[in-house]
There are 2 protein chains.
Amino acid sequence: MDYTTNYAAAKHLVAVDCIVFGFDNEDLKILLVRRPIEPQKGDWSLMGGFVQQGESLDDASKRVLYTLTGLTDVYLEQLYTFGDVHRDPVDRVISVAYYALIKINDYDREIVRRNGAQWFKVSNYPRLIFDHDQMVQTAISKLRRKCRTQPIGFELLPEKFTIPQLQSLYEAILMQPLDKRNFRKKILSMNLLDKLDEKDKENSKKGAYLYRFNREKYETLTSNGFSFEI
Amino acid sequence: MDYTTNYAAAKHLVAVDCIVFGFDNEDLKILLVRRPIEPQKGDWSLMGGFVQQGESLDDASKRVLYTLTGLTDVYLEQLYTFGDVHRDPVDRVISVAYYALIKINDYDREIVRRNGAQWFKVSNYPRLIFDHDQMVQTAISKLRRKCRTQPIGFELLPEKFTIPQLQSLYEAILMQPLDKRNFRKKILSMNLLDKLDEKDKENSKKGAYLYRFNREKYETLTSNGFSFEI
DNA sequence: CCAAAAGTGTTCATCGTACACCCATGT
DNA sequence: ACATGGGTGTACGATGAACACTTTTGG
């Protein structure tokens with residue numbers, strides 16, 4: 001620290017903004033809310049809130065997410081801090097962006113409705129206030145990179161899922177079709193999925209076997225030098 | 001933003017701290033300074049400073065780096081924001097960490113000396129104040145990951161460098177020996193380096209050809225779908 | 001019976017990896 | 001002449017990519 005500058009230095013408003021991702025078996029989506037105050041009242045925006053005294057950044061992001069979705073224990077990771085002086089035209093606000101991966105049917109619909117929140121495809125969402133577009137784009141890039149080397153995709157699926165479901169998730173995130181034989185071979189060869197005896201018949205007449213991600217196996221393999229890769 | 005909380009929300013001290021990396025043809029190093037004030041006066045620490053009113057985070061990091069090294073136009077990238085409430089035991093300070101990659105002989109020795117700064121191997125540096133150790137570790141991980149897929153290693157070398165120099169840089173960052181034939185094959189096959197007619201005779205009797213990284217070629221290839229990989 | 005999605009193997013090209021010797025030169 | 005670091009090629013195994021048909025069953 002440059003303590004030649006003393007502790008009477010400038011203080012700043014610090015906010016957290018959350019990019020909330022979900023997957024509905026078709027598209028990768030983000031959850032947006034309408035800005036409740038002027039200026040730009042009614043415009044679409046990310047969910048955010050100010051960091052309180054005595055509240056860590058991680059805690060602030062959890063609080064904001066809980067307020068919006070009623071969810072706790074979700075995958076939540078810091079993304080980037082946006083600090084341009086005029087990014088908020090009213091006041092100078094430094095914003096720490098977080099992104100969350102949630103199982104789209106787990107959130108509390110009531111709370112979401114009350115907040116006027118809505119899901120949008122990442123391929124087609126409305127213009128957002130301030131630099132929130134940039135936040136979303138940054139989050140998508142990060143997710144796209146990270147999902148190839150870390151088993152975070154499972155955070156977007158229910159506990160039990162089928163291989164075709166998992167594949168279409170990856171196709172949605174990566175925005176490219178994948179070969180189903182190669183995908184299946186790859187993912188199963190890692191021995192991270194437990195095959196269940198149940199089938200999911202929602203999406204086909206034949207039905208597809210359900211699988212579950214085995215985190216213990218993942219931890220064990222990882223500590224032995226294994227690295228996840230799609 | 002959660003504007004149900006109003007703009008009279010809590011304000012915070014915001015600092016930037018810089019992890020400055022250098023390479024001396026032997027080891028990957030970081031630049032540390034001695035904390036000039038109590039508490040923990042004289043302990044080793046990263047270089048940092050408070051973000052001013054009307055100053056963006058990027059600008060603040062550039063200023064801090066300039067103050068320490070006299071350098072402008074260096075590779076500088078935001079790393080992570082550390083926001084635990086008690087990370088600084090005196091006051092609550094949110095710190096945005098940046099990391100810089102500099103050509104170790106380019107910095108202004110005089111300014112560095114005046115700041116009491118010193119280079120340490122990343123493999124053996126003193127205990128740092130607060131959570132600065134964690135910042136350094138986070139930076140090393142990021143550098144290690146990023147140098148494999150982006151041509152950022154060159155930021156740590158002089159304009160003109162030899163293949164063995166480049167190789168030992170990667171060995172230092174990745175902390176593993178690399179096969180010299182494979183390394184040379186790989187790096188030259190990307191066609192990103194211009195071979196010069198000069199040789200560097202500092203490190204061997206035979207002398208090694210100097211090369212220069214060609215950023216234009218990199219941009220062109222990248223826009224055609226090429227991706228750098230070591 | 002047929003439409004729609006699930007499931008299954010092989011071939012080929014490419015890439016990463018392992019590995020040993022000669023070269024040029026300063027001392 | 002010799003020690004030191006620079007420079008070069010090949011063979012093998014592993015991995016990624018391309019590709020088509022059969023199975024199941026609800027309507």
Side-chain angles (χ1 to χ4, degrees), chain A residues 23-27 145 147-149 157-158 160-172 174-212 221 224-230, chain B residues 23-27 147-149 157-158 160-172 174-212 221 225-230:
Chain A
F23 177 65
D24 65 358
N25 284 338
E26 275 285 318
D27 297 289
R145 234 174 313 115
C147 77
R148 304 184 70 114
T149 55
L157 294 176
K160 302 172 182 180
F161 53 86
T162 66
I163 305 290
Q165 247 181 309
L166 184 61
Q167 180 177 342
S168 55
L169 169 64
Y170 275 96
E171 291 176 330
L174 300 175
M175 293 207 307
Q176 55 174 326
L178 301 171
D179 180 276
K180 67 176 175 171
R181 279 172 290 192
N182 293 337
F183 182 82
R184 181 180 290 268
K185 199 192 314 170
K186 184 85 172 259
I187 197 81
L188 290 179
S189 72
M190 289 192 263
N191 283 315
L192 295 173
L193 302 188
D194 294 337
K195 185 175 187 173
L196 307 179
D197 285 329
E198 306 166 68
K199 281 192 166 186
D200 165 63
K201 297 220 166 190
E202 302 237 331
N203 299 301
S204 77
K205 299 164 181 177
K206 182 177 178 180
Y209 278 105
L210 287 163
Y211 289 79
R212 194 179 355 230
L221 287 168
N224 293 346
F226 162 82
S227 55
F228 182 88
E229 182 145 8
I230 293 288
Chain B
F23 178 66
D24 66 357
N25 284 340
E26 274 285 318
D27 296 289
C147 76
R148 305 185 69 113
T149 55
L157 293 176
K160 302 173 183 183
F161 53 85
T162 67
I163 305 290
Q165 246 181 312
L166 184 62
Q167 180 177 342
S168 56
L169 169 64
Y170 275 95
E171 290 177 331
L174 301 174
M175 291 205 307
Q176 55 174 324
L178 301 172
D179 180 276
K180 66 176 174 171
R181 278 172 290 191
N182 294 338
F183 182 82
R184 180 179 290 266
K185 200 193 315 171
K186 184 83 172 260
I187 197 81
L188 290 179
S189 73
M190 289 193 264
N191 282 313
L192 294 172
L193 302 188
D194 295 337
K195 185 175 187 174
L196 307 180
D197 285 329
E198 306 166 68
K199 281 191 167 187
D200 165 63
K201 296 219 166 190
E202 302 238 329
N203 299 300
S204 77
K205 299 165 182 174
K206 181 176 178 182
Y209 278 105
L210 288 164
Y211 290 79
R212 193 181 353 229
L221 287 167
F226 162 83
S227 55
F228 183 89
E229 182 146 5
I230 292 289

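These values consider heavy atoms only, across backbone and side chains, with no hydrogens, waters or symmetry-generated copies. Reminder, nothing fancy here: chain letters follow the sequence lines and each chain counts from 1.
- Within a 6.0 Å sphere centred on CZ of A/Phe226, other residues, nucleotides and ligands contribute more than 12 heavy atoms.
- Summarising the geometry, the separation between CZ on B/Arg181 and C1' on C/dG16 is reported as 14 Å, rounded to the nearest angstrom.
- Side chains of A/Ile230 and A/Gln167 form no contact here, defined as non-hydrogen atoms less than 4.5 Å apart.
- In this structure, the CD1 atom of B/Ile187 is 15 Å from the P atom of D/dT8, given to the nearest Å.
- The NZ atom of A/Lys186 sits 12.0 Å away from the CG atom of A/Asp179 when rounded to the nearest 0.5 Å.
- The interatomic distance linking B/Asp200 (CG) with D/dG5 (C1') rounds to 11 Å, in whole Å.
- Between the CZ atom of B/Arg148 and the C1' atom of C/dG16 there is a distance of 12 Å, rounded to whole Å.
- Atom CG of residue B/Asp200 and atom NZ of residue B/Lys160 lie 11.0 Å apart, to the nearest 0.5 angstrom.
- Residues A/Arg184 and A/Leu178 fail the side-chain proximity criterion, which asks for heavy atoms closer than 4.5 Å.
- Which of D/dG9, D/dC19, D/dG16 sits closest to the side chain of A/Asp179 comes down to D/dC19.
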Pull out every protein N or O sitting under 3.5 Å from an N or O of nucleotides 24-27 of chain D, one pair per line with the distance.
unit_1	atom_1	unit_2	atom_2	d
D/dG26	OP1	A/Lys201	NZ	3.4

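- With rounding to whole Å, B/Ile163 atom CD1 is found 18 Å from D/dG5 atom P.
- Not a single donor-acceptor contact under 3.5 angstrom links the side-chain atoms of A/Asn203 to the base of C/dA6.
- Distance CG/B/Leu166 to OH/B/Tyr211: 10.5 Å, rounded to 0.5 Å.
- Counting to the nearest Å, the P atom of C/dG16 and the CD atom of A/Glu229 are 12 Å from each other.
- Regarding B/Glu202, its CD atom lies at a distance of 14 Å from the P atom of C/dG26, rounded to whole Å.
- Taken from CG in B/Leu188 to NZ in B/Lys195, the straight-line distance is 8.0 Å, to the nearest 0.5 Å.
- A/Lys180 comes within 4.0 angstrom of a nucleotide base, judged by non-hydrogen atoms across all strands.
- Among the atoms of the strands shown, base atoms are found under 4.0 Å from some heavy atom of A/Lys185.
- The nearest whole Å value for the distance from the CG atom in B/Asn182 to the C1' atom in D/dT10 is 11 Å.
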